[in-house]
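Here is how names work: the chains are called A, B, and so on, in the same order as the sequence lines, proteins then strands, and each is numbered from 1. Note that these values count all heavy atoms, side chains included, but never hydrogens, waters or copies made by symmetry. Everything quoted here is computed from the prediction, not taken from an experiment.
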There are 2 protein chains.
Amino acid sequence: MARATKKKTSETPEKTTRIQEINRRLILDAALDVFSTYGFRGTTIDQIADKAGMSKPNLLYYFPRKQNIYVTLLEETLEEWLAPLAEIDPEGDPIEQLRKYITLKIRMSESHPEASRLFANEVLHGAPAISEFLSKHLKPLVDDKAAVIRRWVGEGKLAPVDPYHLIFMIWATTQHYADFDVQVRAIMGNQVGRPGFREQTAQAVLSIILNGIRPRG
Amino acid sequence: MARATKKKTSETPEKTTRIQEINRRLILDAALDVFSTYGFRGTTIDQIADKAGMSKPNLLYYFPRKQNIYVTLLEETLEEWLAPLAEIDPEGDPIEQLRKYITLKIRMSESHPEASRLFANEVLHGAPAISEFLSKHLKPLVDDKAAVIRRWVGEGKLAPVDPYHLIFMIWATTQHYADFDVQVRAIMGNQVGRPGFREQTAQAVLSIILNGIRPRG
DNA sequence: CTGCATTTTGACCAACTAGTCAAGTTTTTG
DNA sequence: CAAAAACTTGACTAGTTGGTCAAAATGCAG
């Protein structure tokens, strides 16, 4: 009776096997690629199955509905996407904290552009699958950090600025480079791929925003 | 022989009748609504026909392919969307010109959010229908204005800033309020609808960006 | 008012796609 | 090494959707 996991008849706990772990990952990785490029409706299960290297019925064995894959992917992504915001330290130096936050967001935008586009596409279409997440998780977190920024402003450590709009501006600007990548490429051409491009971007964005909110005599 | 238009047999010129004008407009207006909400693949011809108040075959009489409606809509939108950028006056006061530009973009984002979302969705998915427009029309215009901004910087009228990233930042920030409307609403709640909201937004955005690029001693 | 051109539509079709199923194969376990 | 559990798949189905077509209705010039 010591080890409950040794029971033979299948029970509710539903342990995941090695194969399950591998295949779920394979599917989710493939799906992120496809969903972020074609959107939910624009993606077919066959496309994902092909990319994941398995048959459609097999894929459906792991995720019985197309929607399941999509939602799982969004959930996985959202946590990771929000993490940097939570890391803003209320006791740290305001300019330094925001510099770190912006830098981190730009880095994520470059390293995980698919995640950014998946999220952007979902929100653009009215966030049908994550509206609850937005109000239950995102809003409280933003409210919390907005209060911190407002306090900093009150202490004269930042120029008077609406904290919400500041956060939106940081999001918009950093994610722009992932979401509107083709547009950026159409305008800046081969510069985009070049080694120092991310640093140059970060430099420009930081320069404008940080100078824009630095306290003024 | 004086009036060529009086020929009876149908010829190439293809004049548009009164009914054609009305119905094409009806279809495009309905389509903008639907496409901007559900994307290209997510939209059905039936949806558009319903919203336009006509039968599907009738709609297809005016636009033989779904793609035709979509492309027409994008073309119509793009010109309008870019116009404010062209209006930046190289001889005007830099800060004043950029203030005007940002203000105009925020106003458009509020008055035509569907157009913004239509465009955002297209670019997000790799701009398959407008990549030519981006390189042939958008790029030259941006290059032109970037040169103006660079000159202003050289003349010490603006803080040293990369003109392309500045333009991207303005686009990203202003369009964010249209494209990510549900997210903004989830966080700021009923404030969004309120009368002074656009002014408050404009004030915050202008304050950060303009102070961020104002020349510093 | 007449005859031609334009507009409108019901019925239909072919392609596509999410999801099912039953029958097989492989892996795990006692 | 057997038997059960887990995994895999070809063949299929039902629903959706972009687009066709022929015939009917309407608009309009002379």
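As judged by a 4.0 angstrom heavy-atom cut-off over every strand, Phe63(B) is placed among residues making no nucleic acid contact.
Legend: residues meeting side chain to side chain contact (heavy atoms under 4.5 Å, CB included) with Glu199(A), ordered by chain and number and at least two apart, are absent. Every residue two or more places apart in sequence or in another chain was checked for a ring-ring contact (aromatic ring centres under 6.0 Å, His included) with Trp152(B), and none qualifies. Residues satisfying the side chain to side chain contact (heavy atoms under 4.5 Å, CB included) criterion with Pro113(A), sequence neighbours excluded, are Arg117(A), Ala178(A). Looking at residues two or more places apart in sequence or on another chain, you find no side chain to side chain contact (heavy atoms under 4.5 Å, CB included) involving Thr37(B). By the salt bridge (Lys or Arg N to Asp or Glu O under 4.0 Å) test, Arg99(A) is found to be paired with Glu96(A), residues two or more places apart in sequence or in another chain being considered. With sequence neighbours left out, Ser55(A) forms a side chain to side chain contact (heavy atoms under 4.5 Å, CB included) with Pro57(A), Asn58(A).
Residues from residues 22-35 of chain B lying near DNA chain C, meaning a heavy-atom separation below 4.0 Å, are Asn23(B) in numerical order.
The listed nucleotides are dA6(D), dG27(D), dT9(D); the one nearest the side chain of Tyr61(A) is dA6(D).
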Listing time: all N or O pairs from protein to nucleotides 16-19 of chain C that are below 3.5 Å?
residue, atom, partner, partner atom, Å
dA18(C), OP1, Thr43(A), O, 3.3
dA18(C), OP1, Lys66(A), NZ, 3.2
dA18(C), OP2, Ile45(A), N, 2.9
dA18(C), N7, Lys56(A), NZ, 3.1
dG19(C), OP2, Lys66(A), N, 2.9
dG19(C), O6, Lys56(A), NZ, 3.3

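Aromatic pair His165(B)/Tyr177(A): centroids less than 6.0 angstrom apart.
For the pair Asn58(B) CG and dT26(D) P, the computed distance is 13 Å after rounding to whole Å.
Pairs passing the ring pair (Phe, Tyr, Trp, His ring centres under 6.0 Å) check and including a residue from residues 49-78 of chain A, sequence neighbours excluded, read Phe35(A)-Tyr70(A), Phe40(A)-Tyr70(A).
Note on ring orientation: taking the six-membered ring where Trp is involved, the planes of Phe168(B) and Trp171(B) are tilted (angle from 30° to 60°).
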Determine all donor-acceptor pairs shorter than 3.5 Å in which one atom belongs to a side chain in residues 191-198 of chain B; sequence neighbours excluded.
residue, atom, partner, partner atom, Å
Arg198(B), NH1, Glu110(B), OE1, 3.1

With a 3.5 Å cut-off and sequence neighbours excluded, list the donor-acceptor pairs that the side chains of residues 138-147 of chain A form with protein atoms.
residue, atom, partner, partner atom, Å
Lys139(A), NZ, Asp143(A), OD2, 2.9
Lys139(A), NZ, Ile187(B), O, 3.3
Asp143(A), OD1, Tyr164(A), OH, 2.6
Lys145(A), NZ, Ala86(A), O, 3.3
Lys145(A), NZ, Ile88(A), O, 2.8

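Annotation: the terminal axes of the helix from dC1(C)-dG30(D) to dG30(C)-dC1(D) meet at 20°, where each axis is the rotation carrying the C1' atoms of four end pairs onto the next four (5 pairs per end, rounded to 10°).
At dC7(D), one or more side-chain N or O atoms of Gln20(A) fall inside 4.0 Å of OP1 or OP2 (strictly under the cut-off). For dC7(D), one of the phosphate oxygens OP1 or OP2 lies less than 4.0 angstrom from a side-chain nitrogen or oxygen of Thr17(A).
Across the interface with DNA chain C, nearest-nucleotide mapping of Arg18(A) and Met54(B) shows Met54(B) to be the residue nearer the 5′ end.
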